[in-house]
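See structure below.
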Amino acid sequence: MPQFSSHLSSAVLGVSNILHLQQFHAQLIQHALHRHDYWVARLIAFCTRFHAPSDYTRIFDSTHQPGVMVFTNMLRYYSKCGGNSEILTLFEEMQRCGLKPDECVYPVLIKAAGKGGVLFHSQFVKMGLDCGKYIRNALINAYGKYGPIEAGRQLFDEMTERSVADWNAIILGYWNWGSEGEAKRLFDLMPDKNVITWTTMVSGYSKMKDLENARSYFDRMPEKSVVSWNALLSGYAQNGFSEEALSLFNEMVSTGVTPDETTLVSVISSCSSCGGPALAESVVNTLGDRGVRLNLFVKTTLLDLYAKCGRLEMAQKIFNELGVHRSSVTWNSMISAYMRTGDITAARELFDQMPEKNVVSWNSMIAGYAQNGRSSLAIELFKEMIKEQIMPDEVTMASVISACGHLGALELGNWVVNFINAHHLKLSLSGLNSLIFMYSRCGSMNEAKMIFNEMETRDVVSHNALITGFAAHGNGVEALKLLEKMKDEGIKPDRITYIGVLTACSHSGMLEEGRKVFESIKAPDIDHYACIVDLLGRVGKLDEAKRVIKEMPVSPHVEVYGSLLNACRIHKRVDLGEFAANKLFELEPENAGNYILLSNMYASARKWKEVDRIRELMKTRGLMKTTDGAGWKLKRKMQAAGYIADKSNVLRDVEDEDKEEMVGTHSEKLAVAFCLLVSEPGTVIRVVKNLRICWDCHTAIKMISKLEKREIIVRDNNRFHHFKDNVCSCNDYW
DNA sequence: GTAGGGTTAG
């Protein structure tokens, strides 16, 4: 140390926060030493330690001729508190000043270079330089982060003396590459573990969702730091254990540990499912009083919390206040906020304005479109993404496959599957679930079953997707088998499972089995009642159906009466049909379908007067214009044949589509949906029994065959219609 | 003076 006043030398030892730092800086100015290399370097080191805001770095600008030490500490500051671009700029400046990087600079550079950091290694070897211990540690870290981890291990093994930091680096590396076993082996072998070693284990188990082990290492730690608490806290928060996270936070506070910004992020994000904005606000306020600042992470988390709790105006407020400081996560969170409320226009505007989109931005938009019933927009955006050469990931794929399923676009779906294979992408659990859904939706039950059987782990959604597929295809036996199988595997059926199984029973006329399933439901909800009413109705047990409706603990909704009405039509029970229809007229006076159904029922009972009465009723209620005959006829026929559930999502989706989304008239849309639903390339389209291809359908299929350039064969009773190149072999309808 | 913890999308 240079010869300075002993007063300063002892004063520097007492600097332990930013305020001290400012006071000390003032003292240096008094002694005219504030531009001296040694002291500037020390000041910058303090800035790094206290995470001082970047305007403190003016200290650096005030030096006349910064030496290596000042540059190095400044680089360290940027490495911890700033960005990598500043590091590279500063490094270039350093070289311009004719200063040679030394052993202390390289570790910073290796870290800043990211993936390229490991290139330094070969450089050193080529130059015949011996890597010092800090450089070697930085290299092990780089290999641990970007691979190959084996290269890091080799470095580690070759070392004659290993520091705690080296052990920690290699253990972390193994966790990064998912090698729990090797990480644990080295941990057990390690002679002197410190708090970082233990925290690495806690965080490793947290990240692989093994919270029991994370907790057990946490409890066994000889000492804990804030980071240790945060590691476990984030493990709970990110895996949906919000209550555990909040109670751990309480434990943390009562132990006397001072939480920091990172703590806040986990706590606030847990509040979105537990406690809500009020709890988050009170935590923010109490910690704010203790001097915890709200950084960008915290503000973004808060924004997300408000958005998830329906307080869009607060989310928007934070978004506006952040201005240019917004990160891409902030943007993405706001996009999802709008998508959640169904405001796809506002979401799109943000997406277009966003300065730097990442894959999550694209995923948020694609998923948002898909969830708002705009599957074709989702797929359009996906195609745009490919065109822009943005690499989709497993999340993109899950949404896109699901959108294909909703559209019944099997060919596109198969293209996506090929894309996944070609780019060696892995499908996540939800991606595979989407795939089962898509195949089921497109009528490819064999493929759906194959995917299901090949899955390593299956959850309740996987089972539901397949069961719903069986239901749509009237395969009650398989649906029931799967219900039993999932129970055996310890997967608890949920309400969707039971809707699927009951629908399957209904579509295959399995009365007794359906009854048994219904009775086994602990707390049947209104949809389950609708299913059992449908089942009873279809097999002709109409009075029993009516009794069930009467005894329902909740007031029946449209689906319940709709099922009953449909059953009355099939079984020609005009009396009960009138009862159901009148209820429906009360519940949804605007739905012309109910009137049509009742009118058809009268027609089949040859009660022509009543038919006219209903027609008049519709006219006076102004409902005639929405009932362009062919479309409804098609829908009714499909319903009558039991091929598609009464409230099939396909039909609903098509009806919900905006006009711009599909070409053709309303009835053609129905036809298109129908065709896409049952078609599969290379197979003959099965047309539901008694359904003749009407003119609309004919047009629509021609359109599909032209657009998709595919050959479609449709069997209509005993005739075959062969569609190819905009021509149909059987043109009776023209 | 090397090492551990954080927000968004299915």
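Letters A, B, ... are given to chains in the order of the sequence lines, protein chains preceding strands, and every chain is numbered from 1.
Looking at A:S430 and A:N433, their side chains never bring a donor and an acceptor atom within 3.5 Å of each other. Between the side chains of A:S163 and A:D166, a donor-acceptor pair is found at a separation under 3.5 Å. In the model, A:N363 has no side-chain atom that pairs as donor or acceptor with a side-chain atom of A:N332 under 3.5 Å.
Annotation: cation-pi geometry not satisfied between A:R153 and A:Y143 (NZ/CZ under 6.0 angstrom from ring centroid, within 45° of ring axis).
Among the protein residues, A:D393 comes within range of the nucleic acid bases, having at least one heavy atom under 4.0 Å from a base atom. If you check every strand for non-hydrogen atoms under 4.0 Å, A:V298 touches nothing. Contacts of A:N358 with the nucleic acid, taken as non-hydrogen atoms under 4.0 Å apart, are absent. Residue-level contact check: A:S364 touches the backbone only, with heavy atoms under 4.0 Å from sugar-phosphate atoms and none from bases. A:S266 comes within 4.0 angstrom of nothing in the nucleic acid, heavy atoms only. Contact annotation for A:Q371: backbone-only contact, meaning every heavy-atom pair under 4.0 Å involves sugar-phosphate atoms and none involves a base. Using a 4.0 Å heavy-atom criterion, one finds that A:K308 contacts the sugar-phosphate atoms exclusively. Backbone-only engagement by A:K111 is indicated by non-hydrogen atom pairs under 4.0 Å involving sugar-phosphate atoms exclusively. A:A367 comes within 4.0 angstrom of the backbone, heavy atoms only, and of no base. If you check every strand for non-hydrogen atoms under 4.0 Å, A:K357 touches nothing. At the heavy-atom level, A:R340 lies under 4.0 Å from the strands shown only through sugar-phosphate atoms. Contact annotation for A:N194: base contact, defined as any heavy-atom pair under 4.0 Å involving a base atom. Residue A:Q238 is classed as a sugar-phosphate contact, given heavy-atom separations below 4.0 Å to backbone atoms only.
Taking the six-membered ring where the residue is Trp, the centroids of A:Y205 and A:W175 are separated by under 6.0 Å. Annotation: A:W198 is in aromatic contact with A:F187 [ring centroid separation under 6.0 Å].
Note on A:K357 versus A:E388: no salt bridge recorded, every NZ/NE/NH1/NH2 to OD/OE distance being 4.0 Å or above. For A:R215 and A:E251, the salt-bridge test passes: some basic side-chain N is under 4.0 Å from an acidic carboxylate O.
Residues from residues 215-229 of chain A with heavy atoms under 4.0 angstrom of DNA chain B, sorted by number: A:S225, A:V227, A:S228.
Counting 5' to 3', DNA chain B first comes under 4.0 angstrom of a heavy atom of chain A and last does so at the ends given by B:dG1 to B:dG10.
Scanning for side chain to side chain donor-acceptor pair (under 3.5 Å) contacts around A:S179 gives an empty result, with sequence neighbours left out.
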